[in-house]
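Before any comments, here is the structure.
Quick note: residue numbers are just sequence positions, from 1.
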Amino acid sequence: MSAIGGFFRGVWRGLDGLRRILHLILLLLIFGFIIGALRGTVPHLPDRAALFIQPRGDIVEQRSGDPIEIAFNQARGQGDSQALLWDLTESIRAAATDTRVQAIVLQLDFLTAAGQPTMEELVAAMRRFRASGKKIIAYGTSFTQVQYYLAAHADEVYLDPTGEVLLEGYARYRMYYKGLLDKLAVDVHLFRVGEYKSAAEDMVRTDMSAQDKVESQAYLNALWKSYKDAVARARGLAPDVIEQYTNGFIEALHSNAGDAARVALEAGLVTGLKTEGEVTARVIELVGRDDGDHDHRYPAIAFDDYVRVHHAEAQLHHASSGRVGVVIAAGEILDGEQPPGAVGGLTTAALLRGARYNDDIAAVVLRVNSPGGSVLASEQIYREVAAIRAAGKPVVVSMGDVAASGGYYVAAPANQIMASATTITGSIGIFAAVPTLDRTLGKLGVTVDGVGTTALSGKLRLDRPLDPALRDYVQLTIERGYELFLAHVAQGRGKTRDAVNEIAQGRVWIGQDAQSRGLVDTLGGYDDAVKSAAKLAKLPDGYDVQRLEPDLSWAEQLALQLRVSAARLSGRVLGPAMNSLQASLAPLAGLQKEYARLERMTSSARPLAYCFCAVE
């Protein structure tokens, strides 16, 4: 019996040992998975390759959206619906001095939107690459106006023989909801200061006001002139060729039997008409053929992979002679803490405060690409910018596509404001919109009645008519907010209140006009702003540039990576169904976005500094 017991004990010890080994292996696998999830892998870069740039969706300064949604897009092979501007520019600049990168292939079919200042940042990086003696080859099955702006700055531009270059110019049309609100018996009470403050006119008018038409036409004309001059100069064309091409497009189609590609070629907009295979053959001439490839391809690395390679290599040469901290304020300015893609009053103020207390950061660049929003949140950010300057650290504001209303409010106290010539800025004005639903409820037979304890009791209810006392309250609050806005700008720009008031009134200005009126100090891009901040801080060459973002804890980073990994796995199964669903809902996306904006504007009677200055 003891022998049998010994046998089973031996078996048990063996099994227990095997269990421990398997347990250890499992822990090692899990640990390896965690490390891999947190660190990722660095892609391989061939000794000789082309940098392949194919931005998808909008080019943005800060990604927004849920990581799960992004992972689903990646699992379906669609990549992100947003391309990060800084990844694009960094990859192009790094490639200029990288002997392994022989050329850039710019494929623009999936690019949907980007403002002119955003594209100018990319073009500046492209110029640096071309100056190194390497070529940029742009190709598209067709080119929209946005896509063509970037393509025009390549060395060679190839269009598919069945494609077209469609340049429409700029426009600004918006939907007006007064007729609908009247049918619903909803009364919207608009309070504003500033003759040109038109952000909420769509709720109280059925058409565009004369003031809105004047300011809109002014900046649209300036944007179109800038576009025409830039692409004509890049293609070596006379400045009026683009205007003639756009206005005579339909007539030219008639003359060429509908061959839009031939029209673009004859106008000099493209270098030649080539299929994708023919473009590939041209790139092979520049970089060679991929080793062991049987599909006649060239060695290439995608720009987002190349950025990871560059970051990994740059860490080996980390400088420690000082830093310029960069805070991105992109999106609407909203109260409280907000996720990426919006500018939270508390979130952004905390980042700026961290830069002020960080001894390693000698100067700050605040990159603003925002139409504004909440006055309270704008004031919170304004105070932190002013505090950094008061602490002796220089602050330079770099303006992107739009830095208007609240977007200008937060810029006012900076040491220097720098904008693109085509930045939309200004719009110094305040408004509030208060809807009341008493007539709507009355149509349904619903009435409201009751008693209160003070003169203000029940006055803020939206299901009752707007009381004259509440009307005075909102208007006085708006006027005070406008005076505070004027005072901030006057102090920051070294002007009198009346001088600022003359160029304020909610009026929108293009960057070059804002400079001539003293709202902008100088014209330039993001790199210029970083260099200026370093110079003001007297940093020596070799300083670091650090983008400041909200910190995630170790557990949050792990949870995020695990969620993305799980989404990739499930995306392979659910991807096609999700793709079909998103395609069916796409037409509603614009209305949903507009509804969300109106809801934010009318959710309270709080003052707003917002500029509805979109460009189509």
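- Looking at Val324 and Val364, their side chains never come closer than 4.5 Å, going by heavy atoms from C-beta outward.
- Judged purely by distance below 3.5 Å, without hydrogens or angles, the side chains of Glu479 and Gln475 pair a donor atom with an acceptor atom.
- The heavy-atom pair separating Val410 from Val385 by the smallest distance is O-CG2, 3.7 Å.
- By the ring pair (Phe, Tyr, Trp, His ring centres under 6.0 Å) test, Tyr196 is found to be paired with no residue, residues two or more places apart in sequence or in another chain being considered.
- Residue Tyr482 comes nearest to Ala504 through the heavy atom pair OH-CB, 3.5 Å, listed as atom of the first residue, atom of the second, then distance.
- Just one residue in the list Leu539, Asp544, Asp359 forms a side chain to side chain contact (heavy atoms under 4.5 Å, CB included) with Arg323, and that residue is Asp544.
- Between Leu237 and Val231 there is no side-chain heavy-atom pair separated by less than 4.5 Å.
- There is a side-chain donor-acceptor pair under 3.5 Å between Ser420 and Glu120.
- Remark: Ala350 pairs with Arg353 by the side-chain contact (heavy atoms from CB on, under 4.5 Å) rule, at least two apart or across chains.
- Smallest separation of non-hydrogen atoms from Val326 and Tyr526: CG2-OH, 3.4 Å.
- For the pair Gly345 and Ala377, the tightest heavy-atom approach, listed with the atom from each and the gap, is CA-CB, 3.6 Å.
- Residues that satisfy the ring pair (Phe, Tyr, Trp, His ring centres under 6.0 Å) test with Tyr149, not counting sequence neighbours, are His153, Tyr227.
- Among residues two or more places apart in sequence or in another chain, the side chain to side chain donor-acceptor pair (under 3.5 Å) test is passed with Arg383 by Glu379.
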(request) For side chain to side chain contact (heavy atoms under 4.5 Å, CB included), just list the numbers for Gln416 and Val397, CA-CA rounded to whole Å, side-chain angles, deciding distance to a tenth of an Å, and then say yes or no. (result) CA-CA 6 Å; Gln416 187 178 41; Val397 165; over 6 Å; no
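- Annotation: side chain of Val500 is not in contact with side chain of Glu502 (no heavy-atom distance under 4.5 Å).
- With contacts defined as side-chain heavy-atom distances shorter than 4.5 Å, the pair Val365/Val545 does not qualify.
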Return a table of donor-acceptor pairs under 3.5 angstrom between the side chains of residues 386-393 and protein atoms on other chains or two or more places apart.
unit_1 : atom_1 : unit_2 : atom_2 : d
Arg389 : NH1    : Pro413 : O      : 3.0
Arg389 : NH1    : Ala414 : O      : 3.1
Lys393 : NZ     : Ala355 : O      : 2.8
Lys393 : NZ     : Arg356 : O      : 3.1
Lys393 : NZ     : Asn358 : O      : 2.7
Lys393 : NZ     : Ile361 : O      : 2.8

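- Pairing each heavy atom of Ser427 with each of Ala404, the nearest pair is CB-CB, 3.9 Å.
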(request) Please step through salt bridge (charged side-chain N to carboxylate O under 4.0 Å, His left out) for the pair Asp527 and Arg93, ending with a clear verdict. (result) CA-CA 11 Å; Asp527 278 353; Arg93 290 192 178 96; 2.7 Å; yes
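- Residues satisfying the side-chain contact (heavy atoms from CB on, under 4.5 Å) criterion with Asn221, sequence neighbours excluded, are Gln217.
- Among Arg174, Arg192, Lys178, the one residue that satisfies the side chain to side chain donor-acceptor pair (under 3.5 Å) test with Glu201 is Arg192.
- Side-chain contact, Glu243 with Trp224: a donor N or O sits under 3.5 Å from an acceptor N or O.
- In the displayed structure, Gln491 atom CD is contacted under 6.0 Å by at most 12 heavy atoms of other residues, nucleotides or ligands.
- Listed here is the closest heavy atom pair of Ala529 and Met418: N-SD, 3.5 Å.
- Side-chain contact between Val186 and Met203 is absent, with no heavy-atom pair separated by less than 4.5 Å.
- Scored by the side chain to side chain donor-acceptor pair (under 3.5 Å) test, Arg547 finds no partners at all (sequence neighbours excluded).
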Please output the side-chain donor-acceptor pairs of residues 505-513 that fall under 3.5 Å, not counting sequence neighbours, one pair per line with the distance.
unit_1 : atom_1 : unit_2 : atom_2 : d
Gln505 : OE1    : Glu195 : N      : 3.1
Gln505 : NE2    : Asn501 : OD1    : 2.9
Trp509 : NE1    : Ile503 : O      : 2.9

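- Taking 4.5 Å as the limit, some side-chain heavy atom of Gln116 sits within range of a side-chain heavy atom of Met119.
- The closest side-chain heavy-atom distance from Gln145 to Thr246 is not below 4.5 Å.
- Qualifying ring pair (Phe, Tyr, Trp, His ring centres under 6.0 Å) partners for Phe485, counting only residues two or more places apart in sequence or in other chains: Tyr409.
- A side-chain hydrogen bond (donor to acceptor under 3.5 Å, both in side chains) check over residues 395-404, counting only residues at least two apart or in different chains, returns the pairs Thr118-Asp401, Arg367-Ser398.
- Remark: Asp207 pairs with Arg205 by the side-chain contact (heavy atoms from CB on, under 4.5 Å) rule, at least two apart or across chains.
- With contacts defined as side-chain heavy-atom distances shorter than 4.5 Å, the pair Ser374/Leu334 does not qualify.
- With sequence neighbours excluded, the residues forming a side chain to side chain donor-acceptor pair (under 3.5 Å) with Thr112 are Asp58, listed by chain and number.
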